[in-house]
Structures are given as C-alpha cells and as structure tokens.
**Q** 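Attaching a single structure in structure tokens format; questions to follow.
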Amino acid sequence: MSSRYNHAESEPKWQRAWRESGAFKAQAPDSERPKAYVLEMFPYPSGRIHVGHSRNYTMGDVVSRFKRARGFNVLHPMGWDAFGLPAENAAIDRGVHPGAWTYDNIKQMKSQIEKLGCDYDWDRELATCDPAYYKHQQAMFLRFWKAGLAYRKKQKVNWDPVDNTVLANEQVVDGRGWRSGAIVETRELDQWMFKVTAYAEDLLAALKSLDRWPEKVRLMQTNWIGKSRGATIRWEIVGEAPEGSPQSIEVFTTRPDTLFGASFLALAADHPLTKTIAARRPEVAAFAASCAALGTSEADIEKAEKKGVDLGLRVRHPFDPEWELPVWAANFVLSSYGTGAIFGSPAGDQRDLDFANAYGLAFTPVVLPPGADPTSHSITTEAYTEDGTLYHSRFLDGLSTQAGIARAIEELEKLGSGEATTTWRLRDWGVSRQRYWGCPIPVIHCPSCGIVGVPEDQLPVRLPEDVAFDKPGNPLARHPHWKHVSCPECAADAVRETDTLDTFVDSSWYFARFTDPKNQDAPFDKAVASAWLPVDQYVGGVEHAVLHLLYSRFFTRAMRDVGLLDLADGEPFAALFTQGMVVHETYRSAAGKWLAPEEVDLKDGQAIELETGLPAQTGPLEKMSKSKKNVVDLDRFVKDFGADVVRWFVLSDSPPERDVEWSAAGAEGAWRFVQRVWSLTEAHGPAAGRVGQSPAPGADKGEALALRQAAHRALKAVTEDIEGFRFNRAVARSYELVNAIARAKGDDPGIVAARGEALTILTQIISPFLPHLAEECWEKLGFDRFVATTPWPTPDPDLVREDSVTLPIQVNGKRRGEITVAKGLSEEEVKALALAHGPVVIALKEQTVRKVIVVPDRIVNIVAG
RNA sequence: GCGGACGUGGCGAAACCGGUAGACGCAGCGGACUUAAAAUCCGCUUCUCGCAAGGGAGUGCGGGUUCGAGUCCCGCCGUCCGCACCA
C-alpha cells in the first residue's frame, strides 16, 4: 500500500543529517580534487523572503550539488549584505536600532533559506555589518589610500536640505528628495573617491576574455566604461581672454576630420568660462540659471529643445588663423564629459545641426556620403553622421573618415594646437555617505596634521551603539563624543570622519572573505583566497550588471595591486549567470486596492475578491513584490508543499535566464511529480535493491532493454543540460524518464532489474533539484550513504547509442512518409527503400524523379516534377 | 534617438550544426476506479476540410538563398531591457 511522501517530516530530517555529517563543508583548496567555487549574490536582509527569491538560490544549489557529485571540492557559502538604508529607515519609522533590526531579519531570513535545503557551508556565514568584517574593510581602505587608489576630492552631490543628507541619483525623484519631498540642491562636498578610472583600459579590455559572462552584461559594461578616441583641440580666443581665463578653449571631439565644417564653439552652462562671463552679463547668468534649474530632473522632457546664448567671444580656427568662429553657451553640452566644450559641426551631428538651425548659424557639409554627388549634396534638417569622403576640406579633401581623423590629428599636433586623446564615460567612484548604518571611514581630521589614517592596531573603528534617529542628518556627526578623538600623530584634539562607506564597497570583496571568513589578522589569507578565486560560477540578477560587478572587478585588481591577492587577470568571476525573476499576476479590488493571491478566487479567468464577492481586476505579470501584494510566502508554501516543490517549480517551464510565471496550478504539477516519483520508488524500490547486484536475466532485451536505454539517455541529457544551465530541459527529461518507468509493467527479473536501475539513475539526476526527496528515495533503494555525496553516474555508451533511426521522406520538401532503418545504412540502400515506400510511390505518381538527397541518419528528400 | 534581446498551439515552452515543428509541463476534453467526490491511473488535444482513409495551411508580416528555413540574408511591424543631449 502506498503512502504519501511526507515532506514535512522528511525535509527537516535530511537537513539535520546533512548538517550533522558536515557533508557540505568545503575542504582546504590544496586537496587532490579540483575546486569549484559556486556563489549566489548574497541578499540584503530585508525581512521575510518569498518564493521569488528562491530561484537564485536554487540555481546555485543545483550547480553546487552537481559539481560535488562530479568530484569537485565545492565552496558554496552564504552571507548577508547587511549595511544599508532600509535599516536606518526602520529606525526612523519605528524606533528600532538598525543593528537590532538587521540581526533580527538575518535570523528570520536564515531560517527561511535553511528550509530550502541548499548545501551551504554555513560555517562561513558572514554579515558585512559585523565589526569582524568591516575591520578588514577599513584596513583595506587605508591600504588603497596609501597606494593612491583612494583619494579625496570636492564633488557635486545631490543634497537634501531637509534630511541634511546626500542622496543617490535614484533617490532623487522629479528633482525632490524621495523621503522629504524637498527640492534637491547641488552642493560641493569633500568626498572619498576610489580610483576606478586607473583600471579603465583593463576593465574594458578584459571583458573580451570573460567568455562565460552573458554578452548583454559585457556590452552594458562596455557602454558604461564608454571609451572614445578622438582629439583635444585648443581654440585661441581672438583678442584678450576674459580676466582670469586661459587664452584658449579646449574642446574634445571624436571627429577632428570635420574641422572644416566647424561653425561655432559651444560651452556647458557651468563651464568656467561661461561662469566668468555670466558674472558680467545678466543674460548669460539667466541662461545658466535656467539650465541649472532643469538639472537632473527634467532633462529628458526638455531634450528636444536646443537652447543657447552667444557669449560674445570669438575664436580662431586651428587650421586657419583668419577664420573666426563665435562662442556660445549651450544647454546640450555637458560639463561632466570631455572638456565641457565642443565645436559644432552641424552637417555631421544632429544636435549641432538643430542648434545651428535654431540660431541661424551658417554651416558647410564636409562629409560626402558614398555615391553622393558633391555638387548637389546638401544638408538641411538631417545630419549625415556616417562615414564618407571628405570634401570642402582643403588638405583633407578626398580622404576617408578614418584617414581624415588621423591626418587632422597629425596636423593639430604639428601646429601644437591639439593632440590625440581618449576620453572615458567611466568616472571615479564616490564612496562617502552621510549615513550611520555603514562602515566608518577610518580617518581622523587633525587641525595640524591634516587627514590621518586610524592606526591599524586601533581598528575597527566601531559604530557607536547609542545613537538617536529623532533628527534628520547623520547621527554620527551629532553624536556627543564619538567623533572627538586625539590625533594619532600629534595627540592634539581632532575629529573622526563621520561619513561611512557606500554599501557597494561591502559587496565588492565579500566573495574573497568567504574563502577565509574567520581570519582575524587579515581580510583573508593570500594563498587561500588566491587558490579559491576566481568564483567558478556566480549567479544573480541582471540589475547588478554594471555597478556591483564593475566595482568587484575594480576591487580584485586593487587588492591584487596592494599585495593582498594573487590573481593575474584580476577577474573575480570566471562565469556569470543572470537569472530571470519569478513573476505573478497582480490583482486589484473594485475599490482599487491591491489583493494578495490568497484573497482572490479565479473562476474561468475572472478574479473574484473573496471578501466582498465582487469581481477584481487582473493586472499584468510583475516581479513579486510586497507593495503589489503578488507574493507567495515561502514559509507557508514550504509548509504546505515542501521546499522540493518550490525548487522544482521555479526551474521548470521557463529557461533560467527568462522570467518564470508562478501559478498555483503549476506548483501543483510540481507537487504531483514529487508524489509520483515517491510512489514509484516505494512500489518498486525495495525489490530493485535485492536484484540490483548481479546481471538479471532478460534485462538485455525487449521492454527491459528499452527502459535501460531510456534511463541512460536521460542521464546523458540531464548531465549536459545542467552543465549548460538548461534546467528547464533537465526537468522535462526527468518527466520523460518517470513516464518511461511508470509505463514498464511486469515482474519478470529483467524488468525488475531494469526498473531498479532506472530508479537509481532517476534518483541521482533529480538529486540536485529535489535533494530531500532524492535522499528519501535513495534510502528506499537500499543505499546507506547520502545521494548528495554519491558520485554522479556515467551513462553506458552501449545503451545511449541508437541502433536504428526513423528517416522522414520528403517529396519536394513535403513529408510523405517515414522508414525505420539500421543506423549507418548506405545511401544507396536508403534511396532504394525510400523510393519503394508505399506512400512515396503514390506521391510520385506521374512524376519523374530528378534527384534524391539522402542525409545519412537524418532525412531523405526526393526532388520530382 | 542609440544599443541589445526576443516574437513558435488556449498558456509556459522544446527543436544540437539548415533536415519529421510543437518534446515536457499547465489548462481543457473523454474514459477507468468510486455510492459520490477528491486523489490516482489511461487516452485525446496546432488550426482547418473530412464519417473515415486522407488532404490543405502553419513558427509576427513581406521578400530572398537552398533539394529543404522556426533556424541563414534583406526590409517592415510589435514587445521587453539597457543607455540616454557622451561631442
């Protein structure tokens, strides 16, 4: 009599057994076996997790368990990205201490994640808010500073005057602080910067070698780094330059070949020269102010309008001292890119053209499109930005775009009025935050010694516990005594830095700390970390495609260059997989409020609000989020259906990189599968265990052979699917194998043996996905060790091989029949069989066979007419 | 605007290198078991004409290359993502 698989009993039992056996502890990396470092992006402990979060962890776990079974020494750790704003917001809103709130959440989330049954080495757990962690981060900061990789600089920031804090760009909504609603000001503040640009060239070039990263992510990073080659050109000001300003204006361009098409210079509204002139001329000041008001907020709304003001200056053309051009200030020129000034070449740039047309500035086309007629080619409202042949360009006439660029630069360098330059979009990383819940920056400001690093033996600089969040601003700055210290150099009264580090710093090296998480004297032992790194498989969301991944790439290079790490190419993650999200329908009541899935009843596609009985509106599929209430609680689901069902479902149906839609029906399907595997194992497992030892009579023919073949073919396919991150296909293969086992009826020794073998293989191939069920089945099959630590089986080539093939036969490309022949049969024989095949003969009636194409073991196509 | 990805049954999706389109799952329909239901098991399920045998159409749209195209090429349409006045 079969019983139900009892996940509620089984799952905790195996989790305990795994933990107690120490089966998932990573061994020292110098052991015999090859290493596999598998890592999922560690979470911010925001509280409870829902089924959507489980997909990321499950994918990592499948890889990790598979690698272990394949004989690798696996490192699969988990920890907490524990500093950050939400903890401070909780403190402001509810009066809880950020630390207490964070550790409380960690406790809750850990218990939830543990229930998923992942094979984490929990001994390596870390939290970035732990002084034992940030101590090393502070020491590292000081090393970077000494090496010139960290420095201080005045920088423009978004300042919220009500909350007295700096805001990240994402926290500025429509020009206002997201929390206070106050209009955000631009302020110049002293900020600590990390010199990411020192590695710009390498960060870009090395992307090419990251062939196990998604192309999309590499492209996004390439764009973000934004290398562009061109020239810097100095334009001499006609007459006296305004007082205090240099005599020439520097401009960056990627198209020096179009210099003879220049019609004006345009400066950013906050270019130093614009500011100088604005001090004297009100209309320029007014223009600059109107640009500043637009600022970050509505730039995109106003993007179409090109506006400017004539600054009343003139400059000389570098190639012709007689040629004078006007200088304007323009709203489309960015002070933060290049030199904050451009030369306008309207025929070859749409913005320049719009601007020239708006203000009636004359221009000449200088690039002739291929095949265009030089006498009639003209530009009116559409610029020609492609390559072509230069004309109207004196000594550049007749040159291609590329040759023209080279020739123009050569000339500029000869004249001393410019040179080849490379500019980057990438800028240094500002890491100062006026926040409490972050890693304190370990420096002291002394009135006589300047900025002094906190001596290493005094680290960590701990956050004070007794802080109040009753007032806006940084609690560290107004703490009664925390910041008052004596200078480590001269013992004079001094103050601590009260800024803390951007939390992206915390997550830029945690993967290295995991290799040696208990080390008290160093962030990690150099040899140990160097042996484990790079991470062999990193799994996470695309939302981190640029910042987190780029910062980590910077950090591993910096750590290498200050002598902490041996990592030749500096790359932290050898392979990256970006997984899709779990999405769910959203529901809204007639009254317009969001409804959770359990608050509605779905009948014939119409959602009904249970409480009121009124129809509810079904919204689009969206990422599970608390605010839209379209979440399925993990604990509740695990309690009702089990962790294995969650794991199976989130990997079924959709390819891992694409989103998967959560549905109750789909989850039930996964549940049915689990039950089906169990009932088959329960029914046939014990018998299989008894006969499994010696070759059973009859297992090499008929139905028994077919079942054995199905099992070995499934094994081969699933192995390849896991290696290729095609988990949805592995799931489908597993269904097929279960169907095959269920179909094989009978009790003769051959079938019993084949069934036992198939169940054994099935248990092993599902074990990375359904680890608890697999252990239970493994035990039922009579094995006395964990399936989790049992070596992955190898398919028998004789059973995988197909002996005969079914060939479709086409007549003029249309399928007219099929024949089953021995594999490898000669083309002549196949041809003869095909032409004699009944349906083919009928289809060929009254037609002449002109050609017969035989693709061995694939298809036959007869061309007739 | 620029860059990228994608478009296949009622739905999620398979289809290795150009070679039987729709594996597998969900939903649906029919049947078995049951006093009944649930659960479970078995079968059917791209559309269309046909009682059937069998035929026709079919991978967003329009062309092309090929014996043969979901797959390659050209041009459109649509959806999603990233960047966004980057000189």
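Here is the naming used below: chain letters follow the sequence lines, and residue numbers restart at 1 for every chain.
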**Q** For B:rG10, what is the paired nucleotide under Watson-Crick or G-U wobble rules, both distances under 3.5 Å?
**A** B:rC26

**Q** Can you measure A:F332 atom CZ to B:rC86 atom C1' for me and round it to whole angstrom units?
**A** 12 Å

**Q** Quick one: which of B:rA87, B:rA14, B:rG19 gets closest to the side chain of A:R658?
**A** B:rA14

**Q** So, A:R234 and A:E419, do they make that salt bridge, N to O below 4.0 Å?
**A** yes

**Q** What's the closest nucleotide to the A:I859 side chain, out of B:rA84, B:rG19, B:rG55?
**A** B:rG19

**Q** Take atom C1' in B:rU8 and the same atom in B:rC2, then report the distance between them in whole Å.
**A** 30 Å

**Q** Under 4.0 Å between any heavy atoms, over every strand shown, what does A:Q810 touch: base, sugar-phosphate, or nothing? Just pick one.
**A** base

**Q** Using whole Å, what does the distance between atom P of nucleotide B:rA84 and atom OH of A:Y337 come to?
**A** 13 Å

**Q** What is the distance from CG of A:N812 to C1' of B:rA69, rounded to the nearest Å?
**A** 16 Å

**Q** Looking at side-chain heavy atoms only, is the closest gap between A:I379 and A:P346 below 4.5 Å?
**A** no

**Q** A:L334 has a side chain; which of B:rG25, B:rA87, B:rG68 sits nearest to it?
**A** B:rA87

**Q** Can you tell me, in whole Å, how much space there is between the C1' of B:rU66 and that of B:rC73?
**A** 12 Å

**Q** From the set B:rA13, B:rC24, B:rA27, return the single nucleotide nearest to any side-chain atom of A:R672.
**A** B:rA27

**Q** Classify the nucleic acid contact of A:G226 as base, sugar-phosphate or nothing, counting any heavy atom under 4.0 Å across all strands shown.
**A** nothing

**Q** Salt-bridged, A:E736 to A:R733, with N to O below 4.0 Å?
**A** yes

**Q** Taking the side chain of A:N728 as its heavy atoms from C-beta onward, which of B:rA14, B:rG25, B:rC26 lies nearest to it?
**A** B:rA14

**Q** Output the rounded distance in Å from CH2 (A:W662) to P (B:rC26).
**A** 14 Å

**Q** Rounded to the nearest Å, what distance is computed from the CG atom of residue A:N739 to the P atom of nucleotide B:rU40?
**A** 14 Å

**Q** Quick one: is A:R726 getting a side-chain N or O under 4.0 Å of the B:rA14 phosphate, OP1 or OP2?
**A** no

**Q** For B:rC16, does the glycosidic angle fall within 90° of 0 (syn) or outside that (anti)?
**A** anti

**Q** If I pick the P atom on B:rU35 and the same atom on B:rG28, what distance separates them, to the nearest angstrom?
**A** 26 Å

**Q** Need one value for A:S652: base, sugar-phosphate or nothing, where a base atom within 4.0 Å counts as base even if backbone is also close, heavy atoms only.
**A** nothing

**Q** B:rC67, OP1 or OP2 - any side-chain N/O from A:K814 closer than 4.0 Å?
**A** no

**Q** Could you tell me the separation between the CD atom of A:E215 and the P atom of B:rC6, rounded to a whole number of Å?
**A** 12 Å

**Q** For B:rC44 versus B:rG9, give the span between their C1' atoms, rounded off to a whole number of Å.
**A** 15 Å

**Q** Among B:rA23, B:rA87, B:rC67, which is the nearest nucleotide to the side chain of A:A732?
**A** B:rA23

**Q** By nearest atom, which of the nucleotides B:rA13, B:rA87, B:rC67 is closest to the A:P655 side chain?
**A** B:rA13

**Q** Answer yes or no: does a side-chain N or O of A:R218 lie under 4.0 Å from OP1 or OP2 of B:rG4?
**A** no

**Q** Taking the P atom of each, how far is B:rC76 from B:rG1, in whole Å?
**A** 13 Å

**Q** With salt bridge (Lys or Arg N to Asp or Glu O under 4.0 Å) as the test, would you mind laying out the steps for A:K227 and A:E201 before giving the verdict?
**A** CA-CA 8 Å; A:K227 180 180 185 174; A:E201 194 76 66; 2.5 Å; yes

**Q** Check for me whether A:K306 meets the cation-pi criterion with A:F332, that is, NZ or CZ under 6.0 Å from the six-membered ring centre and within 45 degrees of the ring axis.
**A** yes

**Q** Would you please say whether a donor-acceptor pair under 3.5 Å links the side chains of A:D428 and A:T197?
**A** yes

**Q** Base, sugar-phosphate, or nothing: which does A:D349 touch, judged by heavy atoms less than 4.0 Å apart?
**A** nothing

**Q** Would you check, one step at a time, whether the test side chain to side chain contact (heavy atoms under 4.5 Å, CB included) holds for A:F649 with A:W662?
**A** CA-CA 8 Å; A:F649 180 74; A:W662 183 274; 3.2 Å; yes

**Q** Which is true for A:V863 with a 4.0 Å heavy-atom rule: it touches a base, it touches only sugar-phosphate, or it touches nothing?
**A** sugar-phosphate

**Q** With heavy atoms under 4.0 Å as the rule, sort A:S734 into base, sugar-phosphate or nothing.
**A** nothing

**Q** Give me the distance, rounded to whole Å, that separates B:rU46 from B:rA23 when you measure between the C1' atoms they each carry.
**A** 14 Å

**Q** Which nucleotide wins on minimum distance to the side chain of A:V333, given the candidates B:rC83, B:rA13, B:rA87?
**A** B:rA87

**Q** Run the side-chain hydrogen bond (donor to acceptor under 3.5 Å, both in side chains) check on A:N739 and A:R676 step by step: do they pass?
**A** CA-CA 10 Å; A:N739 290 342; A:R676 199 155 177 236; 2.7 Å; yes

**Q** Is B:rG9 in the syn or the anti form, by the rule that syn lies within 90° of 0?
**A** syn

**Q** Which residue lies toward the 5' end of RNA chain B, A:R815 or A:F343, if each is placed at its nearest nucleotide?
**A** A:R815

**Q** For B:rC67, which nucleotide is its Watson-Crick or G-U wobble mate, given both distances must be under 3.5 Å?
**A** B:rG19

**Q** Looking at B:rC81, does its base get a donor-acceptor pair with the side chain of A:K216 below 3.5 Å?
**A** no

**Q** Taking atom C1' in both B:rU45 and B:rC29, compute the distance separating them and give it to the nearest angstrom.
**A** 8 Å

**Q** Side chain of A:L219: nearest nucleotide among B:rC86, B:rG4, B:rG19?
**A** B:rG4

**Q** Any strand counts, and the cut-off is 3.5 Å on both contacts for Watson-Crick or G-U wobble. Which nucleotide pairs with B:rU34?
**A** none

**Q** Which part of the nucleic acid, if any, lies within contact of A:F252, taking any heavy atom under 4.0 Å across all strands shown: a base, the sugar-phosphate backbone alone, or nothing?
**A** base

**Q** Provide the distance between the two C1' atoms, one in B:rC24 and one in B:rG50, to the nearest whole Å.
**A** 31 Å

**Q** Count the heavy atoms of every other residue, nucleotide or ligand shown that sit under 6.0 Å from NZ of A:K623, and state whether that count exceeds 12.
**A** no

**Q** Nearest whole angstrom, please: distance from the P of B:rA84 to the CE of A:M220.
**A** 10 Å

**Q** Given that both distances must come in under 3.5 Å, which nucleotide forms a Watson-Crick or G-U wobble pair with B:rG58?
**A** none

**Q** In whole angstrom, what separates A:L621's CG from B:rC11's C1'?
**A** 11 Å

**Q** Quick one: which of B:rC83, B:rA23, B:rG12 gets closest to the side chain of A:R425?
**A** B:rC83

